[in-house]
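Numbers for residues simply follow the sequence, beginning at 1. Small disclaimer: the values here were computed from a predicted structure and weren't measured. Heavy-atom basis, side chains included; hydrogens, waters and symmetry copies ignored.
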Amino acid sequence: MRTQQIVRAAGALLLAAAAAACSANADHTDAAAHPQSVLYRADYPSYATAGELYGRASVVVQGQVEATQRVVRLVQAAPPGQVLPAPVEAERREGMVVTVRTVKVSRVFKGAVKPGDVVQVKQLGGKLDGVTYTEEHGVPLRENGQYTLFLETYPDQPASLLNPVQAQYPVESGNGLRSLPGNGIRTSVAELATLARK
């Protein structure tokens, strides 16, 4: 049994826009009440250049993903003065499961952080209460991996990647930055350092 949820996101976890359950089980109601896995489908903005990514990000850092992580259910506050359709309100109240990873910063290209700081980064998905949540096309940050990340930060929750594919660049030997499959944007430490000086 797999439950699908469609999420609209702008580099951050926002409200669930719709949900649909499907099951091959005859007892559809019981299976829907106790799913074994949930697939999130998220809609993120895409970018054409590293300069666009850099301009949109509130923080751009290079660092190592630490071994510690936690999986939590994140519930968004209701928009003030706005009445949401009942299905969307139900999804908002249920919240979304995210994995929060800690990144120890080694280099800063943009933002109010410094080398040695840690940044909490959330990504859709994780395992919670016996249910596995995954994000379609999501690429989880690897434990002990070195990355350059383009992040949007918030005062009351962990940072988010601007885009799950375009906003993370594994660091290769010699400090090269590798684009993930499906990301046509190539960038380098030298380019980001130039952007930081502007």
Side-chain angles (χ1 to χ4, degrees), residues 1-47 53 56-57 65 67-79 84-103 120-145 147 149-154 156-170 178-185:
M1 177 359 205
R2 189 180 221 34
T3 298
Q4 296 183 356
Q5 292 186 324
I6 301 171
V7 179
R8 300 202 66 77
L13 181 61
L14 297 177
L15 297 176
C22 60
S23 173
N25 248 332
D27 188 1
H28 178 77
T29 304
D30 185 54
H34 305 289
Q36 297 170 350
S37 63
V38 173
L39 175 66
Y40 292 130
R41 290 186 171 157
D43 182 19
Y44 295 88
S46 61
Y47 302 88
L53 272 169
R56 179 66 178 88
V65 179
T68 58
Q69 68 178 35
R70 59 191 167 94
V71 178
V72 298
R73 187 175 301 278
L74 183 66
V75 178
Q76 297 289 322
L84 299 172
V88 175
E89 176 62 17
E91 290 298 326
R92 183 196 68 77
R93 288 185 181 181
E94 181 182 330
M96 301 303 250
V97 171
V98 298
T99 298
V100 180
R101 294 176 175 87
T102 301
V103 177
Q120 301 290 312
V121 179
K122 68 181 181 296
Q123 292 182 285
L124 276 173
K127 188 166 185 177
L128 188 66
D129 300 329
V131 179
T132 300
Y133 299 82
T134 55
E135 180 184 10
E136 186 177 52
H137 308 303
V139 182
L141 296 171
R142 290 185 343 266
E143 180 181 317
N144 297 319
Y147 292 89
L149 304 173
F150 295 80
L151 303 170
E152 184 168 357
T153 57
Y154 311 93
D156 58 349
Q157 59 180 283
S160 292
L161 293 167
L162 292 180
N163 179 298
V165 174
Q166 290 184 312
Q168 59 169 301
Y169 290 80
R178 179 173 52 85
S179 300
L180 295 178
N183 179 13
I185 300 174

Item to check | E143 vs R101 side-chain heavy atoms within contact, under 4.5 Å | outcome: no

Next on the checklist: With a 3.5 Å distance limit and no angle check, can you tell me whether R56 reaches the backbone of L162 through a side-chain donor-acceptor pair?
Outcome noted: no

Next on the checklist: Does any part of the side chain of Y154, heavy atoms only, come nearer than 4.5 Å to the side chain of K122, both counted from C-beta?
Outcome noted: yes

Checklist entry - Does L161 offer a backbone N or O that forms a donor-acceptor pair with the side chain of Q168 under 3.5 Å? => result no

Checklist entry - Does the T99 side chain pair with the main chain of G125, one donor and one acceptor, at a distance under 3.5 Å? => result yes

Checklist entry - So, do Y169 and S179 sit near enough that their side-chain heavy atoms are less than 4.5 Å apart? => result yes

Next on the checklist: Quick one about T102 and Q69 (side-chain donor to acceptor, distance below 3.5 Å, no hydrogens or angles considered), yes or no?
Outcome noted: no

Next on the checklist: For the backbone of P45 and the side chain of N163, can you confirm whether one donor and one acceptor N or O come within less than 3.5 Å of each other?
Outcome noted: yes

Checklist entry - Looking only at atom types and distance, does a side-chain atom of Q123 sit under 3.5 Å from a main-chain N or O of P164, one as donor and one as acceptor? => result no

Checklist entry - What heavy-atom pair brings L128 and Y133 nearest, and what distance separates the two atoms? => result O-CE1, 3.9 Å

Next on the checklist: How close do L53 and Y47 get, counting heavy atoms only, and between which atoms?
Outcome noted: CD2-CD1, 3.5 Å

Checklist entry - Taking the side chain as C-beta and beyond, is there a heavy-atom pair between P170 and L180 under 4.5 Å? => result yes

Checklist entry - For residues T132 and K127, is any side-chain donor paired with an opposing acceptor at under 3.5 Å? => result no

Checklist entry - Taking everything shown except R93 itself, do over 12 heavy atoms lie less than 6.0 Å from its CZ? => result no

Checklist entry - Going by heavy atoms in the side chains, are V38 and V97 under 4.5 Å from each other? => result no

Checklist entry - According to the salt bridge (charged side-chain N to carboxylate O under 4.0 Å, His left out) rule, which pairs have a member within residues 131-141, sequence neighbours left out? => result R41-E136

Checklist entry - Any idea which heavy atoms bring V100 and Q120 closest together, and the distance? => result CG1-OE1, 3.3 Å

Item to check | Closest non-hydrogen atom pair, Y147 against L149 | outcome: CB-CD2, 3.6 Å

